[in-house]
Amino acid sequence: MKKTILIVDDSPSIRRMVAMTLGQIGYDVIEATDGRDGLAKAMQGPCDGIITDQNMPNMDGLTFIREFRQQSASRGVPIIVLSTDSDDTLRQKAREAGAIGWMVKPFDQAKLTAVLRKVIG
């Protein structure tokens, strides 16, 4: 059975690039345009993993992670932040909120797929 990854990013080009990368290795992808949209889509159906941006309109990545982690559906779902921001304080806040990793944009496709295979399968 295919695994489903939710991509939460306000940049259409980043969503397409991540979706294409993940589609090539067999994942199904759901796209969300910001944290609010991502939270709604995460609640609509099960996803096996989430990749979220930090800096987005309507709801940023940290708020999205905190809100999602309050839901029972979030149990066991790994969240990776993919952001242009590399601030260590922000990374720590993301971990405290419930993210398991942080990658900096632009991302290396091989590294992203390796991380996902490791944490999701």
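A side chain to side chain contact (heavy atoms under 4.5 Å, CB included) with Arg15 is found for exactly one of Val29, Thr33, Asp53, namely Thr33. For the side chain to side chain contact (heavy atoms under 4.5 Å, CB included) test with Ile51, the passing option among Asp9, Val115, Leu112 is Leu112; the others fail.
Among all heavy-atom pairs drawn from Ala32 and Asp37, the shortest one is CA-OD2, 3.1 Å. The minimum heavy-atom distance between Asp28 and Lys2, with the atom names listed, is OD1-CD, 3.3 Å. The minimum heavy-atom distance between Met56 and Gly35, with the atom names listed, is CE-N, 3.7 Å. Between Asp87 and Leu90 the shortest heavy-atom distance is OD2-N, 3.0 Å.
Hydrophobic clustering (side-chain heavy atoms under 4.5 Å, transitive across Ile, Leu, Val, Met, Phe, Trp, Tyr) keeps Phe68 apart from Val119. Taking hydrophobic clusters as Ile, Leu, Val, Met, Phe, Trp and Tyr residues chained together by side-chain heavy-atom distances below 4.5 Å, Ile14 does not share a cluster with Phe64. By the rule that hydrophobic residues join a cluster once side-chain heavy atoms approach within less than 4.5 Å of another member, Ile30 and Ile7 end up as members of separate clusters. Linking ILVMFWY side-chain heavy atoms closer than 4.5 Å, directly or via other members, places Met17 and Val104 in two distinct hydrophobic clusters.
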Run the side-chain contact (heavy atoms from CB on, under 4.5 Å) check on Val77 and Leu6 step by step: do they pass? CA-CA 10 Å; Val77 178; Leu6 173 64; over 6 Å; no

Between Ile79 and Thr52, does the side-chain contact (heavy atoms from CB on, under 4.5 Å) criterion hold? Intermediate values first, please. CA-CA 7 Å; Ile79 301 173; Thr52 184; 4.0 Å; yes

For Leu39 and Val8, run side-chain contact (heavy atoms from CB on, under 4.5 Å): C-alpha distance rounded to whole Å, both residues' side-chain angles, the deciding distance at 0.1 Å, then the answer. CA-CA 9 Å; Leu39 189 59; Val8 185; over 6 Å; no

Step by step, work out the side-chain contact (heavy atoms from CB on, under 4.5 Å) result for Thr63 and Arg36. CA-CA 9 Å; Thr63 305; Arg36 188 177 298 152; over 6 Å; no

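Between the side chain of Arg66 and the main chain of Ala97, no donor-acceptor pair closer than 3.5 Å is present. Remark: side-chain polar atoms of Lys93 are not paired, donor with acceptor, to backbone N or O of Leu62 under 3.5 angstrom. Without hydrogens or angle criteria, Trp102 side chain to Gln92 main chain gives no donor-acceptor distance under 3.5 Å. No side-chain donor-acceptor contact under 3.5 Å links Gln54 to the backbone of Asp60.
Ile50 has its side chain out of reach of Ile80: every pair of non-hydrogen atoms, C-beta onward, lies at least 4.5 Å apart. In this structure the side chain of Ile25 reaches within 4.5 angstrom of the side chain of Arg117, judged on heavy atoms.
The NZ atom of Lys105 lies 13.0 Å from the OG atom of Ser86; values are rounded to the nearest 0.5 Å. For the atom pair OG (Ser11) and CZ (Arg16), the distance works out to 7.5 Å, reported to the nearest 0.5 Å. Distance check, rounded to the nearest 0.5 Å: CD of Gln109 to OG1 of Thr21 gives 3.5 Å. Atom-to-atom distance recorded for Ile65:CD1 and Ser74:OG is 11.0 Å, nearest 0.5 angstrom. Interatomic distance, Met59 CE to Glu67 CD, rounded to the nearest 0.5 Å: 5.0 Å.
With sequence neighbours excluded, the residues that form a side chain to side chain contact (heavy atoms under 4.5 Å, CB included) with Ile120 are Lys3, Ile5, Tyr27, Asp48, Pro78, Leu116.
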